[in-house]
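Comments concern the structure below.
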Amino acid sequence: MTILDDAEIFRNEALRDIGAADSPERLEAIRSAVLGRSGKLKDLMVRIREVPPAGKREAGQRLNAIKAELEAAWRGRKEQTAIAPSGPLPDPTLPGLTQAIGSIHPLTQAMENFTGIFERLGFTIRHGPEIEDAFHNFDALNMPEDHPVRDQADTFVLDDNAILRSQTSTVQVRVMEEHVLRHGGGSSMPPIRIVSPGRTYRPDAVDATHHYGFSQIEGLAVDRNVSFSDLRGFLALFARETFGEDTATRFRPSFFPFTEPSAEMDISCAFCRGKGCRVCRQQGWVELGGCGMVDPNVFDAVGIDSEMFTGFAFGFGIERLAMFMLGVDDIRRFTENDLRFLRQF
Ligand code: DAH
């Protein structure tokens with residue numbers, strides 16, 4: 001066998017081995033056995049010494065060509081094995097890994113539901129601060145200094161003139177003040193139609209239906225000739241949109257310092273359709289919250305002409321509504337952050 005015959009056999013075997021190598025480790029082993037310092041190619045190079053002078057040149061050229069060819073084949077294979085995964089391919093029929101994504105808190109869902117309905121009726125969403133002063137929480141709402149709800153035991157007091165708001169009615173005052181600043185409170189004042197959802201605070205003992213931190217949605221509409229029937233119409237529409245077309249509404253006379261007349265609004269129980277059940281405590285009705293016609297004293301406090309304008313206002317507790325809608329029996333569930341509860345919504 002001449003060196004050239006051996007070189008061809010070596011070349012073919014080496015190309016076959018390189019092509020069959022299926023991992024970077026295997027390729028590395030082949031490189032050292034074939035092209036390495038004490039590899040087979042080196043042995044063949046050494047044998048050129050034995051070739052008669054006339055054949056040396058041809059043998060040298062052939063071995064150099066084989067070397068270049070093998071190196072190129074090796075590099076190509078290395079790129080392929082680097083990309084191709086080693087080991088068995090993953091089974092594409094197995095179920096994928098799911099990523100746990102959060103969801104919107106049930107209270108927020110309820111809140112967005114309510115504000116969405118009012119937005120479609122032409123109301124704008126407004127927000128106010130949770131830390132308030134006595135003027136916005138009490139004075140401007142016709143609750144003078146000696147009013148019983150101003151008892152410190154009924155409000156969280158932070159310092160001299162800072163409290164945690166006990167109702168979202170504060171936002172009524174802020175919105176009207178801002179409106180008057182911009183337009184004046186007289187004949188050039190455009191109408192107001194806002195709803196304001198948000199957190200409110202009262203030092204109540206916590207039980208299944210009470211919490212010291214809760215949420216309300218406040219509404220206010222001010223224009224010329226706004227009447228109590230407008231109030232009833234809007235709120236009845238809201239109730240039907242929220243709880244179903246056949247929801248009945250009822251208004252009971254009540255008292256709030258900032259509305260005159262004032263009412264409590266009830267809706268027929270969506271679960272028993274007014275017959276009486278556990279959810280409505282056999283009443284057939286569920287209380288939504290307070291409402292009424294803005295008291296002229298409130299308009300006076302913010303500088304709106306109470307001869308020219310009338311308005312209606314309402315304030316509903318969101319937790320109570322959400323509990324009713326979602327069938328939740330304990331207000332504490334909303335703040336416990338128990339994933340078993342939250343995942344249901
Ligand atoms: N602010 C009252 C409360 O927290 C609820 C309320 C009653 C709001 C009547 C109003 C209203 O706007 O007109 O109990």
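Heavy-atom basis, side chains included; hydrogens, waters and symmetry copies ignored. Counting starts at 1 for both ligands and their atoms, in listed order.
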Could you tell me which atoms of ligand 1, counted from 1 in the order shown, lie closer than 4.0 angstrom to a heavy atom of [X]?
{"X": "Gly292", "value": "13 (O)"}
{"X": "Thr259", "value": "13 (O)"}
{"X": "Ser169", "value": "1 (N), 8 (C)"}
{"X": "Phe256", "value": "7 (C), 9 (C)"}
{"X": "Gln172", "value": "12 (O)"}
{"X": "Phe314", "value": "8 (C), 10 (C), 11 (C), 12 (O), 13 (O)"}
{"X": "Gln216", "value": "3 (C), 4 (O)"}

Exercise. Hey, could you give me the CG/CG distance between Asp329 and Leu326, rounded to the nearest 0.5 Å?
Key: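 Separation between the atoms: 11.5 Å.
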
Would you mind checking if [Y] and [X] are paired as a salt bridge, meaning a charged N to carboxylate O distance below 4.0 Å?
{"X": "Glu79", "Y": "Arg75", "result": "no"}
{"X": "Asp133", "Y": "Arg165", "result": "no"}
{"X": "Arg120", "Y": "Glu241", "result": "yes"}
{"X": "Arg31", "Y": "Glu71", "result": "no"}

Kindly confirm or rule out an N or O of Gly219 lying under 3.5 angstrom from an N or O of ligand 1.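 So ligand 1 has no N or O lying under 3.5 Å from an N or O of Gly219.
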
What part of Cys291, side chain, backbone, both or neither, has a heavy atom within less than 4.0 angstrom of ligand 1?
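The backbone, only.
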
Q. Aromatic ring centroids of Phe314 and Phe234 under 6.0 Å?
A.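 Phe314 vs Phe234: aromatic centres not under 6.0 Å.
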
Exercise for the section: Could you establish whether Phe258 and ligand 1 come within less than 4.0 Å of each other, counting only heavy atoms on the residue side? Expected result: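 It does, in that a heavy atom of Phe258 comes within the 4.0 Å cut-off of ligand 1.
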
| task | Give a yes/no verdict on whether any heavy atom in Arg202 is under 4.0 Å from an atom of ligand 1. | result |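 Yes, Arg202 has a heavy atom closer than 4.0 Å to ligand 1.
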
Sequence neighbours excluded and cut-off under 3.5 Å, please list the side-chain donor-acceptor pairs for residues 197-206, or say none.
unit_1	atom_1	unit_2	atom_2	d
Arg199	NH1	Ser215	OG	3.1
Arg199	NH2	Gly213	O	3.4
Thr200	OG1	Phe214	O	3.1
Tyr201	OH	Glu130	OE1	2.6
Arg202	NE	Ser166	O	2.9
Arg202	NH2	Ser166	O	2.9

Subject >> Side chain proximity check, Glu319 to Leu107, heavy atoms < 4.5 angstrom >> reply: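 Result yes, sub-4.5 Å side-chain heavy-atom pair found.
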
Report task. List the closest protein heavy-atom neighbour of atom 1 (N) of ligand 1: residue, atom name, distance to the nearest 0.1 Å. Result ->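 For this ligand atom, the closest protein heavy atom is Gln167 OE1, 2.7 Å.
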
Protein heavy-atom partner closest to atom 12 (O) of ligand 1 - residue, atom, separation in Å: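 Protein heavy atom with the smallest distance to atom 12 (O) of ligand 1: Glu218 OE2, 2.6 Å.
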
Which word best sums up how the rings of Phe228 and Phe251 line up, parallel for under 30°, tilted for 30 to 60°, or perpendicular for over 60°?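 Perpendicular, since the angle between the ring planes exceeds 60°.
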
Proximal candidate to atom 5 (C) of ligand 1 [heavy atom criterion; set Gly289, Gly315, Pro257, Gly317]: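 That would be Gly315.
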
